[in-house]
Amino acid sequence: MRAVPEICLSLTGPTIRENLARLERYRPYIDLVELRADLLEQAEFGAIGRFPELAGVPAVLAVRKEQDGGRFGGGEDERRALFEAAFAARERGFAYLELEEEVPVPPGARRAVEEGMTRIIRARYCGAGVPVDLRNASHGLSRGTEIPKLVTAPRSTAELLALYGCAKADPADGRGPGERILYGTGPFGFPSRVLASRFGSRFVYTEPAEHDDPPGVLDPETLAVTYRFRELTDRTRLFGIIGDPVLHSRSPAIHNPAFTRLGFDAVYVPFPLDDIAQFLPLAEAFGIEGLSVTVPHKERVIPYLAAIDDAVAKTGACNTVIKTEAGFRGCNTDVYGFLTPLIAALRSRGAVTSDGSRSGGALRGITASVIGAGGAARSVVYALRSEGASVLILNRTPERAARLADEFGCSWAPLDEAGFTAMERFRDIVVQTTTAGMTPYEDEDPAAGFHFTGTEIAYDIVYHPPLTRFLSRAKDAGCTVIGGLEMLLHQGYRQFYLFTGQPYPEP
Ligand code: ATR
């Protein structure tokens, strides 16, 4: 079994004090810290030597230069002086010192290195992309007990795969297991950090979470708890989500904690996928067993599948793929996710008695209006019709409503006064499927001319904001309302069942 990589918290604050506060917040989840001295205020330089003792965990000292993405603007003499000061107190000194390949070990640090108290990390920052000769790039980077560190910046899924190919071809870099550091930065590098053990990396670098973080910042708690980092082994089963962008997805927070609750040895990782042609190579390389599929790949993935279920065939949208012996099978759990809270709401009113998702007729005798005729409306209309509801489709561009209605045996109307009048006969359920009302269009309500009486079930598939103007109006009128978050959760629960064969365990 591979060694579990250690979780390193990168400390990028302006003062030692602030960095120690950040460390305290994450102490239970980390194995070591990296002090980025290039980001410290100059007045702090004199105190760097005391940092390891104050930190109480092994510490890496890094003074990264501007050309390597750091902020140290001074010359090499200044940097050497900083190293000397940092190593002046040798008792509880830095466990690691990061140096670039051409830089000699500073005299002040030599004794600590010779006595084995400090190990040198030899870092090479490759800049944008992944070098074609990646193997050569890491070979010969370090000598003796030095640890080579190779940082790349994959710009595509293909480049992430190149990085993984290199990691697998030479898992130990000619050394013992886990005796090198290797990862990719940026969105496409994200999986290389969560799956550091598969990349044979000794450390995985994490950062404190802030409120305005861009998606993809990995903090130690998320890594250790959500991604079960310390429990990942060679046997851990791999699932995930493909999309572009995908790092903002809430799905990892739906699936991973449920794996933990069930004691199911699996991890769910977001994989940014810029080119659908890389879907099969990605799945194959990592041995992925199942994936959620999101924008813009729900339609594009279909030609790569060995089989599709009826909902995918009829809606043209696939949001889940499951590995089978023949290849990947495509499913659409949005349909299930949409229907589950709806049928529950109808059942609590006594309007349906059977379980519609099994009988296929739970909505017989029920009328529904669907606002919108785009891709999302298609899944909704399919779901409603497959359960036997009578449906009216309304759209700003009436031709699209007519086409969709024709395909699924529905009525249609333009999204105007005449349409709102037509809705009078299709008002048990009113579903909003357009992008109007979604952040940043919170002020819009595409059905503003329709007046709720309070008897309708109003359903908005938008989940951000949780209460759209459309839903808030329905709520004020006394309607039962269902928000998009419920649909999102239930489609995820269904995926979980397809991934694991077990029902989603509620928290
Ligand atoms: P999706 O896959 O999210 O459904 P889509 O296929 O682009 O996206 O469809 C967007 C839907 O939102 C369409 O029904 C669109 O109406 P048009 O067909 O007339 O374009 C609808 N839509 C978007 N903005 C709208 C607005 N401001 N008012 C009313 N409908 C709107």
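Whatever order the structure lists them in is the order used to number ligands and atoms, beginning at 1.
Salt-bridge check for Asp416 with Arg396: failed, with every basic side-chain N at 4.0 Å or more from each acidic carboxylate O. Between Glu284 and Lys323, none of the side-chain N atoms (NZ, or NE/NH1/NH2) sits under 4.0 Å from a carboxylate O, so this pair counts as no salt bridge. Of the charged side-chain nitrogens involved, none lies within less than 4.0 Å of a carboxylate oxygen, so that Asp234 and Arg198 do not count as a salt-bridged pair. Classification of Arg230 and Asp31 as a salt-bridged pair holds, one side-chain N sitting under 4.0 Å from a carboxylate O.
The distance criterion of under 3.5 Å between nitrogen or oxygen atoms is met by Ala373 with respect to ligand 1.
Under the ring-ring contact (aromatic ring centres under 6.0 Å, His included) criterion, Tyr493 pairs with His490, Tyr504, sequence neighbours left out.
Remark: atom 7 (O) of ligand 1 lies closer than 4.0 Å to no protein heavy atom.
Of the protein's heavy atoms, Glu444 OE1, 3.0 Å lies nearest to atom 27 (N) of ligand 1. Of the protein's non-hydrogen atoms, Arg396 NH1, 3.3 Å is the one closest to atom 25 (C) of ligand 1. The nearest heavy-atom contact from the protein to atom 16 (O) of ligand 1 is Asn395 OD1, 3.3 Å. Nearest non-hydrogen protein atom to atom 17 (P) of ligand 1 is Thr397 OG1, 3.4 Å. From the protein, the heavy atom lying nearest to atom 13 (C) of ligand 1 is Arg400 NH1, 3.7 Å. Among protein heavy atoms, the minimum distance from atom 9 (O) of ligand 1 is reached at Gly374 CA, 3.4 Å.
In this model, no donor atom of one side chain and acceptor atom of the other lie less than 3.5 Å apart for Thr226 and Asn256.
For ligand 1, the atoms closer than 4.0 angstrom to any heavy atom of Ala376 are 1 (P), 2 (O), 4 (O). Near Gly372, meaning under 4.0 Å from any of its heavy atoms, are these atoms of ligand 1: 14 (O). Atom numbering of ligand 1 starts at 1 in the shown order; those under 4.0 Å from a heavy atom of Thr434 are 12 (O), 21 (C), 22 (N), 30 (N), 31 (C).
Of the residues Ile366, Leu339, Leu342, the one that meets the side chain to side chain contact (heavy atoms under 4.5 Å, CB included) test with Glu387 is Leu339.
Looking at Ile461, Ile393, Thr435 and measuring to atom 3 (O) of ligand 1, the nearest heavy atom belongs to Thr435.
Residue pairs meeting the side-chain hydrogen bond (donor to acceptor under 3.5 Å, both in side chains) criterion with at least one partner in residues 183-192, sequence neighbours excluded, are absent.
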